[in-house]
> 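First, the structure itself, so that you have it in front of you.
Owing to the predicted nature of the structure, the values given are computational and were not obtained by experimental measurement.
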Amino acid sequence: MDQHRHKGQRGKLIRTLIQKGIRDEEVLKAIYQVPRHLFMDSSFEDFAYQDKAFPIAADQTISQPYTVAFQTALLQLSKGLKVLEIGTGSGYQAAVLCELGVKLYTIERQKELFTQTRSLMSKLRYNLRMKFGDGFAGMPTFAPFDRIIVTCGAPDIPLELLKQLKKGGRMVIPVGNDTQQMKLVKKDEAGEVSVENHGDFRFVPMLPNRSS
Ligand code: SAH
């Protein structure tokens, strides 16, 4: 349940994010709406609105709110855009994207997380398309996407994902092994690709397909 005290804690979290440099009002509003404590184990409930990553099932983590805000702001979203997320995990980042009114597609390679998060998203009435599979392959059936967001540390920018990015589109992806650099990849109307660097972050690794 989302209670009054949770809203109060989220208000505090929003002030922390503003202090850390997040300025995008729509992104802050979306984060204010999402009951993050429901996306983690109930034993962490008291810490849910600290600006920290926490462990979830299958040795994965729920991203830090600052990271979610930072990546989401870089995407420059507007309602109705078609967005692909790689690494559904807890579903928290996905919920923030849904609050922004985009058409969301998301992929997770851990069955346990996929199943758990699918039931949570439907319980919370978030409307999105979830796939159990390999993020490196994207979702060719639904491509191209206006935006792509990768929430695990990728070894490089996967070509297949670049292919599935629409002209005029943006992809936000952390690239690197131990630590990652947040890359903003832009594809212009002529199909030319440029890459900007937006600082260092730490993610769990993007891993190859389990069956391969
Ligand atoms: N967006 C998530 C972050 C979870 S951590 C959240 O808000 O909670 C990153 C997730 O990426 C993990 O759940 C991990 O299992 C998943 N992942 C790693 N490699 C992947 C791949 N190749 N395809 C799809 N998901 C992957």
Side-chain angles (χ1 to χ4, degrees), residues 10 12-28 30-31 34 36 39-40 44 47-77 83-97 100 102 106-110 113 134-136 138 145-162 164-165 169-188 192-208:
R10 283 206 290 283
K12 245 171 110 179
L13 172 63
I14 297 306
R15 291 194 287 282
T16 303
L17 296 177
I18 293 170
Q19 272 164 14
K20 292 186 178 179
I22 304 294
R23 291 284 177 269
D24 190 314
E25 293 276 337
E26 296 301 318
V27 171
L28 292 168
I31 288 180
V34 178
R36 187 175 190 247
F39 292 79
M40 27 205 287
F44 293 121
F47 313 110
Y49 296 102
Q50 293 185 2
D51 187 26
K52 285 186 184 152
F54 283 99
I56 53 173
D59 284 335
Q60 304 302 319
T61 54
I62 176 171
S63 298
Q64 183 182 343
Y66 175 76
T67 305
V68 170
F70 191 85
Q71 285 195 281
T72 310
L74 275 182
L75 284 174
Q76 291 194 347
L77 295 171
V83 180
L84 174 66
E85 179 195 28
I86 309 300
T88 317
S90 68
Y92 178 63
Q93 169 76 70
V96 170
L97 293 168
L100 285 156
V102 304
T106 182
I107 308 176
E108 172 57 50
R109 71 184 279 285
Q110 298 275 3
L113 278 172
D134 180 18
F136 282 100
F145 297 95
D146 298 293
R147 304 285 188 267
I148 298 179
I149 172 171
V150 178
T151 69
C152 36
D156 46 31
I157 299 167
L159 263 185
E160 188 52 41
L161 294 185
L162 203 50
Q164 293 179 27
L165 185 63
R170 301 178 148 228
M171 165 159 47
V172 175
I173 176 170
V175 176
N177 296 316
D178 293 340
T179 59
Q180 291 80 32
Q181 295 191 309
M182 192 63 77
K183 309 273 187 191
L184 169 61
V185 181
K186 295 189 205 165
K187 194 187 260 191
D188 71 14
E192 293 286 329
V193 171
S194 62
V195 182
E196 283 173 17
N197 215 335
H198 286 269
D200 289 348
F201 289 81
R202 244 174 207 280
F203 285 81
V204 295
M206 182 172 183
L207 299 170

> Checking Leu165 against Leu84 for the side chain to side chain contact (heavy atoms under 4.5 Å, CB included) test, could you report, in this order, the C-alpha distance in whole Å, the side-chain angles of both residues, the deciding distance, and whether it holds?
CA-CA 9 Å; Leu165 185 63; Leu84 174 66; over 6 Å; no
> If you look at every heavy atom in Ala69 and Leu17, which pair is closest and at what distance?
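Nearest pair, atom of Ala69 first, then Leu17: CB-CD1, 4.4 Å.
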> Determine whether Glu85 and Ile107 satisfy the following criterion, side chain to side chain contact (heavy atoms under 4.5 Å, CB included), listing intermediate values before the conclusion.
CA-CA 6 Å; Glu85 179 195 28; Ile107 308 176; over 6 Å; no
> Side chains of Arg36 and Phe44, heavy atoms from C-beta outward: is any pair under 4.5 Å?
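When only atoms from C-beta onward are counted, Phe44 and Arg36 do not touch, as no gap falls below 4.5 Å.
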> Under a 4.5 Å cut-off applied to non-hydrogen side-chain atoms, are Lys52 and Phe47 in contact?
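No, too far: nothing below the 4.5 Å cut-off.
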> Mark yes or no for whether Glu160, through its side chain, and Pro158, through its backbone, hold a donor-acceptor pair below 3.5 Å.
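No; judged by distance alone, with no hydrogens or angles, the pair does not exist.
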> Specify the closest pair of heavy atoms between Asp134 and Pro208, including all atoms of both residues, with the distance to one decimal.
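Looking at all heavy atoms of both residues, the closest pair is OD1-C, 4.4 Å.
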> Does a side-chain heavy-atom distance below 4.5 Å link Tyr49 with Lys12?
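No, every pair of side-chain atoms sits at 4.5 Å or beyond.
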> Determine whether more than 12 heavy atoms belonging to other residues, nucleotides or ligands lie under 6.0 Å from atom NZ of Lys20.
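More than 12 within 6.0 Å, yes.
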> Kindly give the heavy-atom pair with the smallest separation between Cys152 and Pro174, and that separation in Å.
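In terms of heavy atoms, the two residues are closest at O-CG, 3.4 Å.
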> Does a side-chain heavy-atom distance below 4.5 Å link Leu159 with Leu162?
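The answer is yes; the side chains approach within 4.5 Å.
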> Restricting to non-hydrogen atoms, name the atom on Ala154 and the atom on Ile173 that form the minimum distance, rounded to 0.1 Å.
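Closest heavy-atom pair between Ala154 and Ile173: CB-CD1, 3.7 Å.
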> Using side-chain heavy atoms (C-beta onward) and a distance below 4.5 Å, is Gln181 in contact with Val175?
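A side-chain contact under 4.5 Å is absent here.
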> Do the side chain of Thr61 and the main chain of Phe54 share a donor and acceptor less than 3.5 angstrom apart?
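Looks like no, no N/O pair under 3.5 Å.
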> Heavy-atom count check: over 12 atoms from other residues, nucleotides or ligands less than 6.0 Å from Asp59 CG?
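It does not: Asp59 CG has 12 such atoms or fewer within range.
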> Give a yes or no on this: more than 12 heavy atoms of other residues, nucleotides or ligands lie within 6.0 Å of atom CG of Asp178.
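At most 12 heavy atoms, drawn from other residues, nucleotides or ligands, come within 6.0 Å of this atom.
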> Let me confirm one number: the CG-NZ distance from Leu74 to Lys183, rounded to the nearest 0.5 Å.
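That separation rounds to 13.0 Å.
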> State, with a plain yes or no, whether a side-chain heavy atom of Leu207 is found less than 4.5 Å away from one of Phe136.
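Side-chain contact under 4.5 Å: no.
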> Which one of Arg147, Glu26, Gln93 satisfies the side chain to side chain donor-acceptor pair (under 3.5 Å) criterion with Thr72?
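Exactly one option meets the side chain to side chain donor-acceptor pair (under 3.5 Å) with Thr72, and it is Gln93.
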> Rounded to the nearest 0.5 Å, how far apart are CE of Met171 and CD1 of Ile86?
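It comes to 9.0 Å.
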> Has the side chain of Arg109 got a donor or acceptor atom that lies under 3.5 Å from a matching backbone atom of Gly135?
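No; zero donor-acceptor contacts below 3.5 Å.
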> I'd like to know if the side chain of Ser63 reaches the main chain of Val68, judged simply by a donor and an acceptor atom lying under 3.5 Å from each other, with no hydrogens or angles considered.
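Looks like no, no N/O pair under 3.5 Å.
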> So do Val83 and Asp146 actually touch side chain to side chain, heavy atoms under 4.5 Å?
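A side-chain contact is absent here, since even the closest heavy-atom pair is not under 4.5 Å.
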> Could you state the interatomic distance from CD1 (Ile18) to CG (Leu28), rounded to the nearest 0.5 Å?
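With rounding to 0.5 Å, CD1 (Ile18) is 5.0 Å from CG (Leu28).
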> Working note: Val150 + Phe203, criterion side chain to side chain contact (heavy atoms under 4.5 Å, CB included); need CA distance, chi angles, decisive distance, verdict.
CA-CA 10 Å; Val150 178; Phe203 285 81; over 6 Å; no
> So, for Phe39 and Tyr92, which heavy atoms are closest and what is the spacing to 0.1 Å?
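Heavy-atom minimum between the residues: CD2-N, 3.5 Å.
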> Any side-chain heavy atom of Leu97 sitting closer than 4.5 Å to one from Leu77?
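Yes, close enough: below the 4.5 Å cut-off.
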> State whether the side chain of Gln180 and the backbone N or O of Asn177 hold a donor-acceptor pair below 3.5 Å, judged by distance alone.
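A pair under 3.5 Å: yes.
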> Given 3.5 Å as the limit, does a donor-acceptor pair link the side chain of Arg170 with the main chain of Val185, or not?
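Here the side-chain-to-backbone pair does not exist.
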> Drop me the distance from Leu13's CG to Ile31's CD1, to the nearest 0.5 angstrom.
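Reported value, rounded in 0.5 Å steps: 7.0 Å.
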> Please name the pair of heavy atoms, one in Ser90 and one in Ile56, separated by the smallest distance, quoted to 0.1 Å.
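Looks like N-CD1, 3.5 Å.
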> Rounded at 0.5 Å granularity, tell me how far CG in Asp51 sits from OG1 in Thr67.
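So the gap between those two atoms works out to 7.5 Å.
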> Determine whether Leu184 and Met182 satisfy the following criterion, side chain to side chain contact (heavy atoms under 4.5 Å, CB included), listing intermediate values before the conclusion.
CA-CA 7 Å; Leu184 169 61; Met182 192 63 77; over 6 Å; no
> How far does CZ of Phe70 sit from CD1 of Ile22, to the nearest 0.5 angstrom?
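Separation between the atoms: 7.0 Å.
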